[in-house]
Structures are given as C-alpha cells and as structure tokens.
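Structure, as structure tokens:
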Amino acid sequence: MLSLALAIACSLSIATIFKVAERRDLDRMVLLTVNYGVAALVALVFVLGDEAGAKAGLAFELGLIALGVGTGALFIGGFFIY
C-alpha cells in the first residue's frame, strides 16, 4: 500500500513539475532525461549497496540493462507525447 501511495505521489509531482515548466518555458525533454538519470543512479546505489543481493549472486545482466534502457526511453517518449 505504501508503494502505491508513493507511486501516486511521484506521478502527481511529475505532472505538477510539467505544468510549472510549461509556464516558465523550460525544455521538457531535459527535465525527463534528468529525472530518469537520477532515478537510474538511485537504483544503482540501492543495487550496489544491497548485501543480501550480493550474497544471493545477483549481478547485472546485459539483457536486463537493455530492458531498463528501453523501458526508460518508452516512458520518456510517453511523457513527451503527454
């Protein structure tokens, strides 16, 4: 339930940031790219800092990284169209 509430809060905050950016004539593509770049860095910190995952043998796989990059590109494209 907490995850759902956080996802809703993040989606609403992105929509609000877009409205403010539109009023100030800021480039939305830059905002989206920075947003997903920061999200990728935060995810990387969590993955690298997870000792339980390292003990279980979790590692980066090329296919998984490609899937993440592709999904991120689709999200950026979707927000740009929105």
Side-chain angles (χ1 to χ4, degrees):
M1 190 62 146
L2 178 63
S3 297
L4 178 61
L6 290 174
I8 291 170
C10 289
S11 295
L12 290 174
S13 66
I14 289 173
T16 303
I17 289 170
F18 279 165
K19 286 184 181 182
V20 170
E22 186 176 341
R23 289 184 195 148
R24 295 185 182 182
D25 292 328
L26 298 175
D27 188 12
R28 285 192 228 173
M29 185 60 78
V30 172
L31 289 172
L32 286 170
T33 305
V34 170
N35 177 38
Y36 283 104
V38 170
L41 287 175
V42 169
L44 183 64
V45 167
F46 280 127
V47 167
L48 293 177
D50 187 21
E51 294 179 19
K55 289 179 183 177
L58 296 177
F60 292 106
E61 294 181 15
L62 185 59
L64 185 59
I65 293 172
L67 178 66
V69 169
T71 303
L74 288 174
F75 280 136
I76 289 174
F79 275 119
F80 187 69
I81 291 171
Y82 173 69

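- Val38 is connected to Val30 through a chain of hydrophobic side-chain contacts under 4.5 Å among Ile, Leu, Val, Met, Phe, Trp and Tyr, so both are in one cluster.
- Not a single side chain to side chain contact (heavy atoms under 4.5 Å, CB included) links Asp25 to another residue, sequence neighbours left out.
- Partners of Ala21 according to the side chain to side chain contact (heavy atoms under 4.5 Å, CB included) rule, which considers only residues two or more places apart in sequence or in another chain, are Leu26, Leu31.
- Taking the side chain to side chain contact (heavy atoms under 4.5 Å, CB included) definition, one finds that Val20 meets it with Arg24, sequence neighbours left out.
- Taking Ile, Leu, Val, Met, Phe, Trp and Tyr as hydrophobic and joining them when side-chain heavy atoms fall under 4.5 Å apart, one finds Leu41 isolated, its cluster having no other members.
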Considering only distance and modelled atom types, tabulate donor-acceptor pairs under 3.5 Å from the side chains of residues 7-18, sequence neighbours left out.
| from | atom 1 | to | atom 2 | distance (Å) |
| --- | --- | --- | --- | --- |
| Ser11 | OG | Ala7 | O | 3.1 |
| Ser13 | OG | Ala9 | O | 3.3 |
| Ser13 | OG | Cys10 | O | 2.7 |
| Thr16 | OG1 | Leu12 | O | 2.9 |

